[in-house]
Amino acid sequence: MPTLDQLVASWDGNAVVMRFDAVTGTWIFICLHDNTLGASTGGSRMAVYPSPEDGLVDAMRLSEGMTNKWAAVDLPFGGGKAVLALQRPLSDDERHGLLYRYGDLVESLQGAFRTGEDLGTSSDDMLRVAERTRHVHGFDSDGNKVDPSPFTAHGVLSGMRAAVEVVFGSPSLAGRTVLVEGVGNVGTRLAEKLNQEGASLILADIDAERAQSAARRLQARIVAPDEVAGIRCDIYAPCAIGATVNRMTIPTLACRIIAGSANNQLGESGDAERLSERGIVYVPDFIINAGGAMAFAEIDRDLDSPQELFSAVARIGETTGTILREAIDRSETTLAAAKRRVEATLARARAKSAPAPA
Ligand code: NAD
């Protein structure tokens with residue numbers, strides 16, 4: 001593994017802010033990947049990492065993912081992400097102290113980075129950070145916390161309908177078989193919506209009790225997590241962990257469409273070609289799972305009635321349809337089509353901000 005300074009020197013992002021929190025032995029990495037469209041904005045992840053370098057690599061990758069996400073849905077924010085790389089689990093007091101110091105660090109960046117909750121941090125954690133900095137999102141105009149999951153699930157559903165229309169000729173999900181992997185915050189809501197639309201559900205979760213209780217409520221079939229890749233279905237919705245679509249699983253996949261909320265679903269970018277060769281339509285994760293981020297962005301822009309937020313998020317359906325059709329027309333992967341859209345949005349913004357020729 002390269003050293004921290006080698007990693008920073010070889011990164012294509014704008015800046016990395018590093019802080020070692022001596023009290024807790026935590027490395028804090030704030031990666032500012034791009035600010036072409038606006039201030040770098042992304043969540044704060046907290047986890048125990050095997051080494052600080054692993055934490056930095058994760059922050060860099062996630063930060064670039066946020067650049068893609070904001071540009072793909074054309075919202076005025078740049079890519080950024082923070083990782084608080086713990087060496088060991090912390091006591092509550094230690095955690096609270098770390099969050100306050102992290103808030104001071106975010107404040108010192110004077111708005112160049114805006115953040116919110118992510119894996120390993122909660123909205124209560126973010127309330128602590130917000131005691132030290134104004135640059136925290138995830139709260140409405142009355143200061144109440146907003147859960148991103150319903151918006152993320154709504155975005156996934158909109159993207160799924162668009163994908164079904166491209167593949168089967170009708171956006172209806174009635175009678176379609178959908179395998180939802182991970183019935184947590186997003187997966188449960190997605191499964192409920194799919195059930196209401198008449199889809200036939202298959203659920204998988206490493207938490208067997210959670211899977212059973214959702215399956216009972218939604219008359220769904222359950223499969224073991226390690227059987228997911230071979231299950232025949234119309235749509236596979238990864239809503240648990242990343243990299244489940246990889247060179248090992250792709251040959252066994254028995255679905256027509258992949259459309260779910262998990263981040264970084266592909267093991268590597270070459271998997272997009274492998275899927276395309278198998279005729280499986282992959283809806284790029286950074287497009288279809290942008291609903292929560294879009295809702296927070298709209299709240300930042302003072303739009304906060306739930307109805308307005310849900311209709312803003314439904315734009316994911318149109319974007320998905322456009323990308324999938326472009327990929328077909330140009331005989332390219334859906335990932336390539338999505339990335340081209342990102343580049344085009346960034347190029348337009350750069351051209352607008354370039355000084356006029358003398
Ligand atoms: P969650 O922690 O609430 O739910 C995840 C579920 O997946 C849990 O029930 C867990 O038991 C299950 N799980 C974990 N590993 C599994 C495995 N190997 N096989 C099957 N099930 C497994 O998380 P969430 O908030 O619902 O988010 C789900 C995914 O979507 C995550 O990858 C997250 O990064 C991504 N995402 C979430 C949001 C959001 O708004 N919450 C936004 C964008 C992306």
Side-chain angles (χ1 to χ4, degrees), residues 41-43 65-66 68-70 72-75 77 116-119 123 137-140 144-166 170-174 176 178-201 203 214 217-218 220 234-240 257-263 265 281-324 338:
T41 304
M66 288 309 297
N68 290 337
K69 190 173 293 196
W70 293 126
V73 293
D74 207 357
L75 280 167
F77 299 90
E117 68 180 272
D118 199 86
L119 285 189
S123 40
H137 59 209
F139 302 97
D140 66 16
N144 301 314
K145 65 183 178 191
V146 179
D147 178 1
S149 311
F151 300 104
T152 305
H154 190 65
V156 172
L157 188 78
S158 309
M160 227 178 232
R161 284 200 199 106
V164 166
E165 179 158 28
V166 168
S170 151
S172 170
L173 289 158
R176 295 279 159 223
V178 187
L179 192 167
V180 180
E181 177 183 51
V183 275
N185 289 318
V186 179
T188 302
R189 289 181 170 89
L190 176 65
E192 282 163 358
K193 284 168 187 272
L194 287 164
N195 181 48
Q196 283 159 13
E197 300 219 358
S200 162
L201 285 168
L203 308 178
R217 266 188 310 116
L218 303 170
D234 294 314
I235 307 165
Y236 163 40
C239 296
I257 295 169
I258 299 177
S261 74
N263 282 311
Q265 292 170 23
V281 172
Y282 164 62
V283 184
D285 46 18
F286 58 83
I287 309 263
I288 197 165
N289 74 9
M294 286 171 84
F296 284 173
E298 297 297 356
I299 291 168
D300 270 9
R301 300 199 301 178
D302 291 332
L303 189 81
D304 71 4
S305 93
Q307 223 172 358
E308 286 175 315
L309 292 176
F310 279 114
S311 67
V313 165
R315 283 206 331 260
I316 288 177
E318 288 152 45
T319 307
T320 300
T322 306
I323 286 168
L324 300 191

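Numbers for residues simply follow the sequence, beginning at 1.
Among residues two or more places apart in sequence or in another chain, the side-chain contact (heavy atoms from CB on, under 4.5 Å) test is passed with N289 by K69, T152, S261, N263, D285. Partners of Y282 under the ring-ring contact (aromatic ring centres under 6.0 Å, His included) rule, at least two apart in sequence or in another chain, do not exist in this structure.
Looking only at side-chain heavy atoms (C-beta outward), R217 and T188 come within less than 4.5 Å of each other. Proximity of T41 to F296: side-chain heavy atoms (C-beta onward) are nowhere separated by under 4.5 Å. Two residues are said to be in side-chain contact when any heavy atoms from C-beta on lie closer than 4.5 Å; M294 and R315 meet this criterion. Side-chain contact between E298 and L75 is present, with at least one heavy-atom pair separated by less than 4.5 Å. At a threshold of 4.5 Å between non-hydrogen side-chain atoms, the residues P171 and V164 do not count as touching.
Interatomic distance, OG1 of T319 versus CG of L324, reported as 10.5 Å (0.5 Å rounding). Atom-to-atom distance recorded for Y236:OH and Q265:CD is 7.5 Å, nearest 0.5 angstrom. Note: M160 CE to E165 CD = 15.0 Å, rounded to the nearest 0.5 Å. One finds the CG atom of D234 at 11.0 Å from the CG atom of L179 (value rounded to the nearest 0.5 Å).
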Enumerate, atom names and distances included, each donor-acceptor pair closer than 3.5 Å involving a side-chain atom of residues 306-314, sequence neighbours excluded.
| from | atom 1 | to | atom 2 | distance (Å) |
| --- | --- | --- | --- | --- |
| E308 | OE1 | S305 | OG | 3.3 |
| S311 | OG | Q307 | O | 3.4 |
| S311 | OG | E308 | O | 3.2 |

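Here the closest non-hydrogen pair linking L203 and A191 is CD2-CB, 4.2 Å. When all heavy atoms of I287 and A72 are compared, the closest pair comes out as CD1-CB, 3.5 Å. Nearest heavy atoms, N185 versus S149: CB-OG, 3.2 Å. Closest approach of A262 and A240 over heavy atoms only: CB-N, 4.1 Å. The two residues W70 and A297 make their nearest non-hydrogen contact at CZ3-CB, 3.8 Å. Listed here is the closest heavy atom pair of T320 and A163: CG2-N, 4.5 Å.
R176 places no side-chain N or O within 3.5 Å of a backbone atom of I235 that could act as its donor or acceptor partner.
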Let me see the working for D300 and F77 under side-chain contact (heavy atoms from CB on, under 4.5 Å), right down to the final yes or no.
CA-CA 11 Å; D300 270 9; F77 299 90; 3.9 Å; yes
Report the C-alpha separation of L173 and L157 in whole Å, then their side-chain angles, then the decisive distance to 0.1 Å, and conclude whether the side-chain contact (heavy atoms from CB on, under 4.5 Å) test is met.
CA-CA 9 Å; L173 289 158; L157 188 78; 3.8 Å; yes
L218 vs E192, side-chain contact (heavy atoms from CB on, under 4.5 Å): CA-CA, chis, key distance, verdict:
CA-CA 7 Å; L218 303 170; E192 282 163 358; 4.0 Å; yes
Passes side-chain contact (heavy atoms from CB on, under 4.5 Å), V166 versus V281? Steps please.
CA-CA 9 Å; V166 168; V281 172; 5.9 Å; no
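One finds a salt bridge joining R161 and E197 here, because a Lys/Arg side-chain nitrogen approaches an Asp/Glu carboxylate oxygen to under 4.0 Å.
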